[in-house]
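So that the names make sense, note that chain A is the first sequence line, chain B the second, and so on, each numbered from 1. As the structure is a computational prediction, the values presented were derived from the model and not from experiment.
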Amino acid sequence: MRMLGVFQKSERVRHIGHLDIQRAVQRGLRRSGLPVAYSNGFNPHILVTFASALSTGACGRREIMDVKMAEEVSAEVFLNRMNLAMPPEMQLSEARAVDDRHPALMASLRAGMYEMILRDKDQAQKLISSIEPMMGREEIRVPRKTKSGIREVDMKPLIFSLRGEESTLFATLMLTERESCKPAMILDGLKKEAGIPEEEEIRTLIVRTQLLGEDLEGNLKPLETL
Amino acid sequence: MILSDRIESMLEKVQKAPRYTGGEMNTSIKAWDEAPLHFVFCFPDTYEVGMSHLGMKILTGLINEQEWSLCERCFMPWVDMIALMKENKVPLFSLESRRPLKDFDIVGFTLMYEMSYSNVLAMLDMGGIPVERRDRGEQDPIVVAGGGCASNPEPISDFIDAFMIGAGEEVMLEVNRVVLERKEKGWSREACLKKLAQLEGVYVPSLYDAEYNQDGTLKDFRPNCPEAPARVRKRFVDNLDKAFFPSKVAVPYTEVVFDRITLEIMRGCTRGCRFCQAGMLYRPVRERSLETLVRQAETLVDATGYEEISLSSLSSGDYSCLPELIRELMRRMKDRRVSISLPSLRIDSVLKESLEETQQVKKSSLTFAPEAGTQRLRDVINKGVTEEDLIEKARDAFQGGWSSIKLYFMDGLPTETTEDLDGIADLARKVVAEYFKVPKGDRAKGLRVTVSCSTFVPKPHTPFQWAAQDTIPVINEKQEHLREVLKIKGVTFNWHAPHLSYLEACFSRGDRRIGRVLKRAWERGCMLDGWNDQFKFDVWMAAFDDCGLDPAFYANRVRRKEELLPWDFLDCGITKEFLWREKEKSDRAEVTRDCRQGCNGCGIQRFAGLCAYADPKRRNAPSPSLLPYVPEGDEC
Ligand code: SF4
């Protein structure tokens, strides 16, 4: 049996990198005393995976861990024990027991929903009013950092939705194992569209609010509910 | 949180922001208004170093557990953060509530090594507190310090209001109570400090005056008011069985230097190595009982989720039931996948059995510390280890499947000659030979013998407190020689340039006047001296120049027997007579027996019942428990 746990990465710990978040969850699982499964080998580790790595600097409201259990436990027990074992900054809001054959989360992941809270009102206004013109273009070319360097991509097909309200941008962006659009790319695109000089810094708080997968009809649904 | 937005914008730019953000497991504390006394525990080095220090976790836990006090944390920021703080005019703030240090009632530093002193000055200044104690006003916090280096507080005494000498916990709470009373009753700063001076184990430097002779040596040192005692006696531990041990210790998110549980199995050491300050200061030896240790291990594993427990003490091999302890810990930890490691082993302990057991858990490299290359020099320093011991233990280790051995030595020990240096190479060669004696199929692959050599620093409260350190050119020559003779296949040689040890020697035996050098060096930009890339030796030398003081006076001078030493006013248990006796024996290369074979009259026997070995009736029954607050020193 496996347990899907929905957890937050709060603003305070947003600068913790993914590897450290993974280790914090591993240690939390160890503290919880829950019957988790371990890998074999000389340095056994808990069999836990994550739907998606969240970048350093971003908060997550509903991130998902996928834990292989050695024995059956109820979702409720899992949730309670984990919340005692995790720091306030990384509490769980939901847990769901699934069968071992449940597809791997990473494989079902399609998109991420983001909020980008802009710290500067002026910039916010400029960026938000650039959404329409930018989305009206046939192609939106932005630089994309990859392991092999920086390459230009057309991000238009990777954007499911993008809108702005007051000083927040709301975006649903493609997020799969093969292709994804980062919130920073949206900011780059809008910055260019708004004619804001490249060196001008845009201070934002990026929050990933939800991970989405696809149901049988091809609709995007919260990943943990599939 | 105070100052939040400005801090947030800095955190977005800085490297390793988690150093400054807190929020780790087991660190949530009460709200500011929930407790009347606000304490900030300052560690004068980076987060990664400070969070590896068990003593800090214990003390913060202790203070937070009192209804009337709360304790936040603060570490020395890295240079990039310091630059940003300056640019944004943000004072140094605590991790928890992000308040500047000056908002706290009491600011406490732990002094683990001399080369962190410049960080103390930097942190005070960045935290909005006048660096020198005489410039502090009624609104400023009381600045206190404790830890191993408080055994010679003078070099940093211009900057600290009160020192705690000896075991930290009990006296910590007493100090806090006085400071709380000050706050409630509106006592003046001076009145508060005079109250503090009356607590046993507390030294308040403003209440003492020092006078010097023409030649720069100390002429007189005495209190300038009736409230201050002429001698300050180190705080001993009254009730060993009621030791505070936190049920929750902080677990960092990011990797720190020691990212594991450290279990202190005993305190003190009976062997009496003459160079070892910890061995002299943490007398008498006290063991924790097996039951306590097993209970503490389980508590800590439950609270932290750590994967590894390491056993620590000055001489773990001397713990009276080490094999039983390891066996019991392994039995309990197996299902929880927690590994047990002994950070190092003394080579003359009966360890074969435990060696075999740890190996099933984790085969890290083994550490031996012969310290000197010849028997003569080992006798001088009273390191009761023979070549046969070392070779036998190396053989056991290689036969037991280890392939990696670390050997620790010191260069610049008193009376050292070329022969002693050659002896280091000899030993290394013999260890390598033992590896090849094990049949090929039976030994682990990849022989690695690491010889590490550190430069000897004479320390206060040791028989070498009168000795001169070798000058830098002499040490350079010796290291050059070692590099030559240690070109041996399978052997790696590690050494450090002597400059840091030289400064350490100045400050470890410094007097009050050297505080001016410290201030000057800090003004000229010295800080984070423990970090190679930040250490500015030339600037330090220029600071000595500016103050008209000669570093060689502190580092390279032999002291006379009659000389009044700057730390003589402290009674740390061991007597000056004992130390001088030991010094004379060392001159004759004469060894002193291990206390377990009989009391050597170090001075601790003056306190009835404190030392088990000084009392024939209790000879074989070391006291069963001990207080957990000690600096996490290296084993010898
Ligand atoms: S009192 Fe005697 S036995 Fe105890 S530490 Fe001192 S010399 Fe050793």
Regarding [X] and [Y], does a basic nitrogen lie under 4.0 Å from an acidic carboxylate oxygen?
| X | Y | value |
| --- | --- | --- |
| A/Arg61 | A/Glu115 | yes |
| A/Lys9 | A/Glu63 | no |
| A/Arg14 | B/Glu12 | yes |
| A/Glu94 | A/Arg96 | no |
| B/Glu307 | B/Arg337 | no |

(message) Is there a side-chain hydrogen bond (donor to acceptor under 3.5 Å, both in side chains) between A/Ser130 and A/Glu193? Walk through the geometry before answering.
(response) CA-CA 6 Å; A/Ser130 304; A/Glu193 189 69 44; over 6 Å; no
(request) Return the minimal non-hydrogen interatomic distance between B/Pro252 and B/Tyr306, and the atom names on each side. (result)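 Where B/Pro252 meets B/Tyr306 most closely, the heavy atoms are CD-OH, 3.3 Å.
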(request) Specify the closest pair of heavy atoms between B/Gln66 and B/Lys30, including all atoms of both residues, with the distance to one decimal. (result) O-NZ, 2.7 Å
[options]: which one forms the most heavy-atom pairs within less than 4.5 Å of chain B?
| options | value |
| --- | --- |
| A/Ala85, A/Ser10, A/Gly17 | A/Ala85 |
| A/Gln26, A/Arg203, A/Glu89 | A/Arg203 |
| A/His15, A/Arg31, A/Arg23 | A/Arg31 |

(request) Please list, chain by chain and in numerical order, all residues satisfying side chain to side chain donor-acceptor pair (under 3.5 Å) with B/Arg295, sequence neighbours excluded. (result)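 Testing B/Arg295 for side chain to side chain donor-acceptor pair (under 3.5 Å), a comparison that skips the adjacent residues, returns none.
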(request) Evaluate the side-chain proximity of A/Leu169 to A/Leu118: yes if any heavy-atom separation is below 4.5 Å, no if none is. (result) yes
(message) Could you check whether any side-chain heavy atom of B/Glu24 comes within less than 4.5 Å of a side-chain heavy atom of B/Val251, counting everything from C-beta outward?
(response)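 Side-chain contact under 4.5 Å: no.
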(message) Side chains of B/Ser97 and B/Glu72: any donor to acceptor distance under 3.5 Å?
(response)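 Checked: B/Glu72/B/Ser97 side chains pair up, N/O donor to acceptor below 3.5 Å.
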(message) So for A/Met90, is it side chain, backbone, both, or neither that comes closer than 4.5 Å to the heavy atoms of chain B?
(response) side chain
(message) On the six-membered ring of B/Phe398, is B/Arg443 placed so that its NZ or CZ lies under 6.0 angstrom from the centre and within 45° of the ring axis?
(response)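 Not satisfied by the 6.0 Å and 45° rule.
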(message) Are there residues of residues 297-304 of chain B whose heavy atoms fall under 4.5 Å of chain A's heavy atoms? If so, which?
(response)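 Under the 4.5 Å heavy-atom cut-off, B/Asp302, B/Ala303, B/Thr304 qualify.
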(message) Heavy atom to heavy atom, less than 4.5 Å: which residues from residues 80-89 of chain B reach chain A?
(response) none
(message) Checking an interface table here. Which of residues 46-58 of chain A come within a heavy-atom distance under 4.5 Å of chain B?
(response) none
(message) Parallel, tilted or perpendicular, judged at 30° and 60°: which one describes the rings of B/Phe43 and B/Phe75?
(response)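 Correct class here is tilted.
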(message) Would A/Glu201 and B/Lys13 count as a side chain to side chain contact (heavy atoms under 4.5 Å, CB included) here? Give the steps.
(response) CA-CA 11 Å; A/Glu201 184 201 0; B/Lys13 293 183 200 132; 3.9 Å; yes
